Amino acid sequence: MITYDLASGEELSRRYVPGYCPQDPIENNTPVVTVSLEDFQRLPLKGSGITVHPDVEYYYVNLPVRFYSENTPQVLSTDILGTHVLVEATPSSYMWDYGNGESSGPLLPAARPGFSGRVDYTYKKSTYYDIGLTTSWTGRYSTDGGVTWQTIPGTATTTETFEQLPIAESIPLLVKPQVKTDQN
């Protein structure tokens with residue numbers, strides 16, 4: 001039996017399997033393609049994305065900032081030994097790092113695709129923060145074009161950063177109120 005790397009198709013190892021002879025025609029020894037946890041963890045998964053709301057130039061001390069992410073599955077495909085393989089990765093949890101030593105999670109994704117892993121966080125100090133998001137992904141694969149799927153045991157993770165989130169302090173100014181009249 002020959003084991004191949006899912007991402008590159010490169011041969012990783014060979015081992016003897018009773019009843020298998022490498023000289024036999026391929027149709028008599030159709031290779032069984034599987035995707036291991038190690039294969040899954042080596043795939044080039046994209047992060048689920050960090051969105052900051054509202055989309056403004058500055059955020060303020062003592063006012064909540066909303067962070068969220070996509071929970072849309074990713075599907076990757078490759079050919080191994082002439083077999084087309086689909087791998088689907090779906091977000092299973094989110095871990096937020098607020099850039100000030102505090103974090104939250106793991107948070108579960110929303111029930112339907114779209115924005116998920118939503119948190120509101122209030123900063124207490126004015127400065128720039130690097131926000132981090134670690135997304136855990138569950139996986140499954142199909143060798144028959146998506147008709148049947150096999151679960152990949154375990155999870156893969158992606159980590160991404162939103163750099164230099166500006167948190168400012170607003171200083172209130174007291175001014176004399178003006179009353180508008182018809183003569184002004």
Side-chain angles (χ1 to χ4, degrees), residues 1-15 17 20 29-55 64-122 129-165:
M1 174 180 259
I2 305 171
T3 304
Y4 291 88
D5 181 276
L6 179 63
S8 68
E10 178 182 327
E11 182 179 315
L12 297 176
S13 66
R14 290 177 181 247
R15 69 180 171 94
V17 176
Y20 173 80
N29 290 300
T30 303
V32 176
V33 177
T34 61
V35 178
S36 69
L37 176 58
E38 293 77 20
D39 293 330
F40 183 51
Q41 291 172 335
R42 281 195 306 264
L43 289 176
L45 295 175
K46 295 177 186 171
S48 55
I50 297 173
T51 301
V52 183
H53 185 76
D55 185 14
V65 179
R66 176 166 289 169
F67 301 102
Y68 53 89
S69 186
E70 288 282 338
N71 72 339
T72 306
Q74 299 179 44
V75 178
L76 295 94
S77 66
T78 190
D79 288 312
I80 301 175
L81 298 173
T83 301
H84 187 70
V85 180
L86 297 173
V87 178
E88 181 183 73
T90 303
S92 59
S93 69
Y94 305 92
M95 194 75 150
W96 291 96
D97 176 346
Y98 301 113
N100 61 356
E102 293 189 28
S103 61
S104 66
L107 302 171
L108 300 178
R112 57 182 172 28
F115 296 112
S116 195
R118 187 185 98 188
V119 292
D120 291 339
Y121 186 76
T122 303
Y129 294 95
D130 292 340
I131 311 308
L133 173 62
T134 300
T135 305
S136 293
W137 303 83
T138 58
R140 63 185 191 154
Y141 69 96
S142 174
T143 57
D144 61 7
V147 175
T148 59
W149 293 88
Q150 301 295 318
T151 300
I152 302 169
T155 60
T157 58
T158 56
T159 302
E160 56 199 304
T161 305
F162 184 100
E163 295 181 356
Q164 300 292 304
L165 179 76

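Quick caveat: nothing in here was measured; it's all calculated off a predicted structure.
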Taking all heavy atoms of [X] and all of [Y], pick out the closest pair and write down the distance.
| X | Y | result |
| --- | --- | --- |
| Pro64 | Thr122 | CA-OG1, 3.6 Å |
| Tyr94 | Glu70 | OH-O, 3.0 Å |
| Asp39 | Thr34 | OD2-O, 3.9 Å |
| Ala89 | Leu45 | CB-CD2, 3.6 Å |
| Thr143 | Thr83 | CB-CG2, 3.9 Å |
| Thr72 | Pro91 | O-CD, 4.0 Å |

Practice prompt. Return the set of residues passing side chain to side chain contact (heavy atoms under 4.5 Å, CB included) with Asp144 (not counting sequence neighbours), or none when no residue passes.
Written response: Ser142, Val147, Thr148
Discussion item. Show, in sequence, the C-alpha distance, side-chain angles and deciding distance for Leu86 and Trp149, and conclude whether the side chain to side chain contact (heavy atoms under 4.5 Å, CB included) test is met.
Written reply: CA-CA 9 Å; Leu86 297 173; Trp149 293 88; 4.0 Å; yes
Does [Y] offer a backbone N or O that forms a donor-acceptor pair with the side chain of [X] under 3.5 Å?
| X | Y | answer |
| --- | --- | --- |
| Gln74 | Lys46 | yes |
| Ser69 | Ser48 | yes |
| Thr151 | Arg140 | no |

Separation of [Y] [atom2] from [X] [atom1] (nearest 0.5 Å):
| X | Y | atom1 | atom2 | result |
| --- | --- | --- | --- | --- |
| Glu38 | Leu43 | CD | CG | 12.0 Å |
| Trp96 | Leu107 | CH2 | CG | 8.5 Å |
| Glu160 | Thr135 | CD | OG1 | 5.5 Å |
| Thr155 | Leu37 | OG1 | CG | 7.0 Å |
| Phe67 | Leu165 | CZ | CG | 5.0 Å |
| Leu133 | Ser103 | CG | OG | 12.0 Å |

Worksheet entry | Trace of the side chain to side chain contact (heavy atoms under 4.5 Å, CB included) decision for Val85 with Val35 | CA-CA 9 Å; Val85 180; Val35 178; 4.0 Å; yes
Discussion item. For Tyr68 and His53: C-alpha separation, side-chain torsions, deciding distance, then whether side chain to side chain contact (heavy atoms under 4.5 Å, CB included) applies.
Written reply: CA-CA 8 Å; Tyr68 53 89; His53 185 76; 3.8 Å; yes
Discussion item. Testing the 3.5 Å rule here: is there a donor-acceptor pair between the side chains of Tyr98 and Asp130?
Written reply: no
Practice prompt. Decide whether Tyr129 and Gln164 meet the rule of one side-chain donor and one side-chain acceptor closer than 3.5 Å.
Written response: no
Item to complete: Report the C-alpha separation of Tyr121 and Val65 in whole Å, then their side-chain angles, then the decisive distance to 0.1 Å, and conclude whether the side chain to side chain contact (heavy atoms under 4.5 Å, CB included) test is met.
Response: CA-CA 5 Å; Tyr121 186 76; Val65 179; 5.6 Å; no
Fill in: Contacts of Trp137 that satisfy ring-ring contact (aromatic ring centres under 6.0 Å, His included) - sequence neighbours left out
none
